[in-house]
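Throughout, numbering of the chain's residues begins at 1 and tracks the sequence.
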Amino acid sequence: MRRTQKRFSEILIIALSVFICFTVSCGVKSPYYQKQMSIPDARWAYAFQPEFKINIEDTAAHYDMMLLVRHDEGYPYANLWLRMHIKAPGDTTFSEGKRIELELADVEGKWKGSGMGSIWEHRILLNRSQQPTFKEPGTYEIRIEQVMRNNPLSSILNIGLRIEKRRL
């Protein structure tokens with residue numbers, strides 16, 4: 001009898017674990033594309049312009065684009081100005097690029113992102129006017145340039161791009 005109870009308890013624990021994993025994973029939206037690049041020595045120079053290559057097959061879908069920024073406590077500003085250049089499939093040059101301001105701290109200087117120790121990470125959704133439109137299938141290239149007054153810009157550790165397919 002005890003063996004049967006023990007076996008039943010083991011099965012119940014496994015089933016409950018599977019149910020919890022399934023429930024938790026359903027709430028997490030996986031990205032269509034995500035990549036981060038390290039900034040050399042945490043000093044982002046004008047000349048360092050990370051490039052991201054995204055293959056878009058479904059041009060009828062709608063996408064949400066986020067910029068990922070990781071910095072340390074020493075970052076001296078509440079915002080970060082960037083320029084995002086785009087090269088569509090078949091193009092030979094990048095577009096001039098849209099100027100984008102990312103707000104990293106509120107008016108009181110409190111970081112908006114999530115922090116762990118002295119490292120802060122921000123996932124900032126771009127509004128629709130800032131996002132590129134994917135009109136034709138193929139590989140799009142996105143280049144991100146920092147356009148702050150400081151060169152190099154200190155305390156930026158990573159810059160990244162995340163794209164999610166929007167569910168309508």
Measuring from S114:OG to R70:CZ, what's the distance to the nearest 0.5 Å?
-> 9.0 Å
Working to the nearest 0.5 Å, report the span between OG of S154 and CG of D41.
-> 12.0 Å
If only atom types and distance count, is the side chain of H122 paired as donor or acceptor with the main-chain N or O of G113 below 3.5 Å?
-> yes
Flag if over 12 foreign heavy atoms under 6.0 Å of CG, D106 = yes
Tell me, do E164 and R162 make a side-chain contact under 4.5 Å, heavy atoms counted?
-> yes
Closest approach of Y32 to I54 (non-hydrogen atoms, all atoms of both residues) | CE2-CG2, 4.2 Å
Mind listing the closest non-hydrogen atom pair of K98 and S129 along with its distance?
-> NZ-O, 2.7 Å
Contact check, side chains of E121 and M116, non-hydrogen atoms, under 4.5 Å | no
Quick one: does D72's side chain have a donor or acceptor within less than 3.5 Å of a partner on G74's backbone?
-> yes
When rounded to the nearest 0.5 angstrom, what is the spacing between CZ in R99 and CD in E145?
-> 10.5 Å
Is there a donor-acceptor pair under 3.5 Å between the side chain of D91 and the backbone N or O of T93?
-> no
Indicate yes or no: at least one non-hydrogen side-chain atom of Y63 is less than 4.5 angstrom from one of Y33.
-> no
Heavy atoms of M37 and E51 approach each other most closely as SD-O, 3.7 Å
Using modelled atom types only, decide if a donor and an acceptor are shared between the side chain of E141 and the backbone of K87 within a distance under 3.5 Å.
-> no
Parallel, tilted or perpendicular, as decided by the 30° and 60° cut-offs, for the rings of Y77 and Y75 | perpendicular
What heavy-atom pair brings N79 and M148 nearest, and what distance separates the two atoms?
-> O-CE, 3.7 Å
Is there a donor-acceptor pair closer than 3.5 Å between any side-chain N or O of E103 and the backbone N or O of V107?
-> no
Validation row: Y140, P89 side chains within 4.5 angstrom (heavy atoms) = yes
Going only through I, L, V, M, F, W and Y residues with side-chain contacts under 4.5 Å, is there a path from M66 to I142?
-> no
Hey, does the side chain of R43 reach the backbone of L153 with a donor-acceptor pair shorter than 3.5 angstrom?
-> no
Kindly say whether E96 contributes a backbone atom to a donor-acceptor pair with the side chain of H85 at under 3.5 angstrom?
-> yes
More than 12 heavy atoms from other groups under 6.0 Å of NZ on K135 | no
Is there a side-chain contact between I56 and P137, using heavy atoms and a 4.5 Å cut-off?
-> no
Among the clusters formed by ILVMFWY side chains lying less than 4.5 Å apart, do L102 and W111 turn up in the same one?
-> yes
Taking atom NZ of K53 and atom CZ of R143, what is their separation to the nearest 0.5 Å?
-> 10.5 Å
CD (Q36) and CZ (F52) are apart, to the nearest 0.5 Å, by 8.0 Å
Heavy-atom side-chain proximity of I159 to V69 below 4.5 angstrom | yes
Is atom NZ of K35 surrounded by more than 12 heavy atoms (other residues, nucleotides or ligands) closer than 6.0 Å?
-> no
For the hydrophobic clusters of this structure (ILVMFWY residues joined by side-chain heavy atoms under 4.5 Å, transitively), does one cluster hold both L157 and L80?
-> no
Heavy-atom check, side chain of L161 versus side chain of L67, under 4.5 Å | yes
For the pair Q146 (side chain) and W44 (backbone), establish whether a donor and an acceptor sit closer than 3.5 Å, ignoring hydrogens and angles.
-> yes
Joint hydrophobic cluster, W81 plus F94, side-chain heavy atoms closer than 4.5 Å = no
Quick one: closest heavy-atom pair of P132 and M84, and the distance?
-> CD-CE, 4.1 Å
Which is it for Q34 and L68 under the side chain to side chain contact (heavy atoms under 4.5 Å, CB included) test, yes or no, and what are the steps along the way?
-> CA-CA 9 Å; Q34 181 169 324; L68 310 172; 3.9 Å; yes
Closest non-hydrogen atom pair, G117 against E73 = O-OE2, 4.2 Å
Just by distance, do the side chain of S95 and the backbone of I86 share a donor-acceptor pair under 3.5 Å?
-> yes
For K112 and I124, indicate whether the former's side chain and the latter's backbone hold a donor-acceptor pair under 3.5 Å.
-> no
Interatomic distance, CG@L126 vs CG@L82, rounded to 0.5 Å, equals 9.0 Å
